[in-house]
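So the structure is just underneath, and the comments pick up after that.
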Amino acid sequence: MDAHERSTHTSDSEEDSGSDNDFDTSQLGTKEYWDDAYRRELETFKDIGDVGEIWFGEESMSRVLKWMGTAKVPEDSAILDIGTGNGAFLVELAKHGFRNLTGIDYSTASVQLAKSVLQAENLTHVKVEEADFCQGQLKGFDVCIDKGTFDAISLSPDHSSEVKKRYVRALKDALKDQGLFSITSCNWTKEQLLERFAEGFELVQELPTPTFQFGGKKGNSVTALIFKRVH
């Protein structure tokens with residue numbers, strides 16, 4: 001299954017109930033897949049300087065950056081990029097003036113690639129750490145940003161129901177009170193995400209994303225929401 005397309009394996013009843021069995025499992029939900037993918041991209045970067053695929057594309061980065069500008073997120077905010085991949089979004093955040101940046105990924109090769117990309121951009125002050133976000137060891141962030149990480153863990157073949165719950169708990173711990181969470185998803189609808197993050201979070205706004213029309217119904221191929229951490 002292509003994680004860049006909304007899953008077609010979800011029944012209407014599952015959508016309504018927020019079932020923990022929403023999607024078929026996939027290699028995209030395994031650490032081994034991402035280790036292999038970023039190992040190849042790291043070698044490519046070393047050979048020709050190509051940073052590799054930008055997860056969700058530049059449009060997704062621009063959408064979040066535009067929101068941050070409109071919301072007047074302070075440039076000294078502690079910002080966490082969850083599942084940083086090749087670090088491309090950290091580069092864009094730094095170029096937009098944000099100074100307190102941290103990226104994490106559970107893939108060793110991803111962290112190596114992101115550090116190499118940041119070094120090439122002379123952005124060695126940006127922190128990148130190897131960490132599994134769902135372990136819940138991070139705290140003190142004003143903004144957390146997810147572009148596809150929650151999607152990926154939702155495809156995990158290993159106890160994905162519990163992993164999704166751990167993700168929500170880890171997010172609560174990582175964010176300060178009134179901290180902001182930006183999530184971009186191609187698998188989850190707005191209604192499903194509202195249910196997933198109902199406890200401890202409040203919807204701030206939905207960001208505009210591309211729409212499609214099929215069978216007389218209109219929908220979005222990508223969902224982008226902003227939540228606020230509340231107690």
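Because the structure is a prediction, the values reported are computed rather than measured.
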Without swapping roles, check the side chain of [X] against the backbone of [Y] for a donor-acceptor pair under 3.5 Å.
X	Y	answer
Gln192	Thr189	yes
Asp146	Ile82	no
Thr209	Ala224	no
Ser77	Ile79	no
Arg166	Gly136	no

After noting the C-alpha distance and the side-chain angles of Ser185 and Asp151, does the key distance pass the side-chain hydrogen bond (donor to acceptor under 3.5 Å, both in side chains) rule? CA-CA 6 Å; Ser185 170; Asp151 278 4; 2.6 Å; yes

Below 4.5 Å, heavy atoms only, C-beta onward: do [X] and [Y] meet side chain to side chain?
X	Y	answer
Ile183	Trp188	no
Phe201	Leu175	yes
Glu199	Lys172	yes
Leu207	Leu225	no
Asn86	Ser110	no
Glu130	Ile104	no
Leu113	Val111	no

Separation of [Y] [atom2] from [X] [atom1] (nearest 0.5 Å):
X	Y	atom1	atom2	result
Leu93	Ile145	CG	CD1	5.0 Å
Asp105	Glu129	CG	CD	12.0 Å
Asn122	Gln119	CG	CD	9.0 Å
Thr124	Leu118	OG1	CG	8.5 Å
His96	Leu101	NE2	CG	12.0 Å
Ser116	Glu121	OG	CD	12.0 Å

Practice prompt. Under the salt bridge (Lys or Arg N to Asp or Glu O under 4.0 Å) rule, what do Glu162 and Arg169 come out as? Steps first, then yes or no, please.
Written response: CA-CA 11 Å; Glu162 178 58 31; Arg169 291 197 295 266; 2.9 Å; yes

- request: Test the Arg229-Phe181 pair against the cation-pi criterion, namely NZ or CZ under 6.0 angstrom from the six-membered ring centroid and within 45° of the ring axis.
  value: no

From the list His231, Lys228, Glu202, side chain to side chain contact (heavy atoms under 4.5 Å, CB included) partner of Gln178 resolves to Lys228

From the list Leu138, Thr84, Asp81, Leu80, side chain to side chain contact (heavy atoms under 4.5 Å, CB included) partner of Thr102 resolves to Leu80

Residues at least two apart in sequence or cross-chain that pass side chain to side chain contact (heavy atoms under 4.5 Å, CB included) with Ala78, listed by chain then number, are Asn100, Phe141, Asp142

Do you know the tightest heavy-atom contact between [X] and [Y]?
X	Y	answer
Val64	Ser182	CG2-OG, 3.8 Å
Ser60	Lys147	OG-CD, 3.4 Å
Leu123	Val91	CD1-CA, 4.0 Å
Lys115	Val128	CE-O, 3.3 Å
Lys164	Ser154	CD-OG, 3.7 Å
Ala114	Gly85	CB-O, 3.8 Å

key: Same apolar cluster: Leu203 and Val168, side chain cutoff 4.5 Å   = yes

Linked, directly or transitively: Val230 and Leu180 (ILVMFWY side chains, under 4.5 Å): no

Any Lys/Arg nitrogen of Glu59 or Lys66 sitting under 4.0 Å from an Asp/Glu carboxylate oxygen of the other?
no

For Phe89, the ring-ring contact (aromatic ring centres under 6.0 Å, His included) test, sequence neighbours excluded, returns none

Residues passing the ring-ring contact (aromatic ring centres under 6.0 Å, His included) test with Tyr167, sequence neighbours excluded, are Phe133, Phe150

